[in-house]
Amino acid sequence: MWQGPLVVPGGDHQSPIDIAVRKTVFDSELKPLVATYDPQTCQQIWNNGYSFLVEYDDTTDKNTLKGGPLQDKFRLCQFHFHWGESNDWGSEHTVDRRLFPAELHLVHWNSDRYTLFEEAVMEENGLAVIGVFLKVGKRHEGLQKLVDALPAIRHKDSIVEFNRFDPGCLLPANINDYWTYHGSLTTPPLTESVSWIIMKQHIEVSHDQLAVFRSLLFTSAEEVQKSMVNNFRVQQPLRGRTIRSSFT
Ligand SMILES: CC(C)NC[C@H](O)COc1ccc(S(N)(=O)=O)cc1
Ligand SMILES: [Zn+2]
């Protein structure tokens, strides 16, 4: 995992964290999550040197997230993953210290209050990120289209057009059981602008599908090759925050 700045000045709402289940607090006021995505608004997939991002047109309210812990309506701008060099670790969040081989992040920004992601990223109520744990098991049919596009973006800053991908196919069957807490981006600028919504139910992908993630590179074509693995941040202190659950 990248070290990066160990402590962010004045940062006491940093991410990722461990979810100690027995310390979470059930909140009956938490509403069901409503995620509405339009596969036609998928635009490109690219390697940004940290992960690979699948980006969506977020100039209209075509891909929205509302409900759950959220007061406002949020727009999907991209999703990406974090993973390890082996199946024994790779996720950023953990549940009772349990590590998963990978974690999906669906990144949304508050379109009721802001006009651009870059603006929302600086605000406390600016972002909402859905986290989904990945486990190695049966092949994920919906993921394969994305896996097949990865060899074309092996190097940092490579990008290819990518259309008609439904991010909803990556959500678990049950999206009503989740944990939520206030935290930060897990890569620079590390701003404390994220309402985290971590799904209790994981999705399954095959060993071979995950192996293709590990064939990506952190480095550009001119540099000495470095495999893109262990692209997760070290866990951060809870600092007295409460993690709420939508389920008992
Ligand atoms: C133009 C600058 C602000 N771009 C910064 C970059 O987009 C950072 O975006 C993000 C977005 C999401 C996350 S995570 N892993 O917490 O879901 C981290 C960084
Ligand atoms: Zn992430």
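Numbering of ligands and ligand atoms starts at 1, following listing order.
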Nearest non-hydrogen protein atom, [atom]:
atom	answer
atom 16 (O) of ligand 1	Thr186 N, 2.9 Å
atom 5 (C) of ligand 1	Pro189 CD, 3.9 Å
atom 11 (C) of ligand 1	Gln78 NE2, 3.7 Å
atom 9 (O) of ligand 1	Phe117 CZ, 3.7 Å

Please state which part of [X] comes within less than 4.0 Å of ligand 1, counting heavy atoms only: side chain, backbone, both or neither.
X	answer
Ser15	neither
Trp196	side chain
Leu185	both

*Please indicate whether Lys23 has more than 12 foreign heavy atoms, meaning atoms of other residues, nucleotides or ligands, lying under 6.0 Å from its NZ.*
no

Out of the candidates [options], only one should pair with [X] under the side chain to side chain donor-acceptor pair (under 3.5 Å) rule; please name it.
X	options	answer
Glu55	Gln43, Gln78, Gln44	Gln44
Trp109	Asp72, Thr115, Asp58	Asp58
Arg75	Thr59, Asp61, Asp112, Asp57	Asp61

_Flag, side chain of Gln209 to backbone of Leu143, donor-acceptor distance under 3.5 Å_ = no

Using distance alone, with no hydrogens and no angle criterion, decide if [X] and [Y] have a side-chain donor and acceptor under 3.5 Å apart.
X	Y	value
Tyr181	Thr24	no
Arg97	Gln235	yes
Asn47	Ser158	no

*Closer than 4.0 Å: a protein non-hydrogen atom to atom 19 (C) of ligand 1*: yes

Numbering as shown, the atoms of ligand 1 that approach [X] to under 4.0 Å (heavy-atom distance):
X	value
Val107	12 (C), 17 (O)
His82	15 (N)
Pro188	8 (C)
His80	12 (C), 14 (S), 15 (N), 17 (O)

_Parallel, tilted or perpendicular, judged at 30° and 60°: which one describes the rings of Trp196 and His105?_
perpendicular

_Neighbouring protein N, O or S atoms of the Zn ion (ligand 2) [cut-off: under 2.8 Å, no waters]_ = His80 NE2, His82 NE2, His105 ND1

*Nearest heavy-atom neighbours spanning Trp83 and Asn231*: N-OD1, 2.8 Å

_For residues 123-132, which residue pairs pass the side-chain hydrogen bond (donor to acceptor under 3.5 Å, both in side chains) check, not counting sequence neighbours?_
Tyr114-Asn125

_Verdict with reasoning, Ile17 to Ile243, per side chain to side chain contact (heavy atoms under 4.5 Å, CB included)_ = CA-CA 10 Å; Ile17 57 168; Ile243 304 169; 3.6 Å; yes

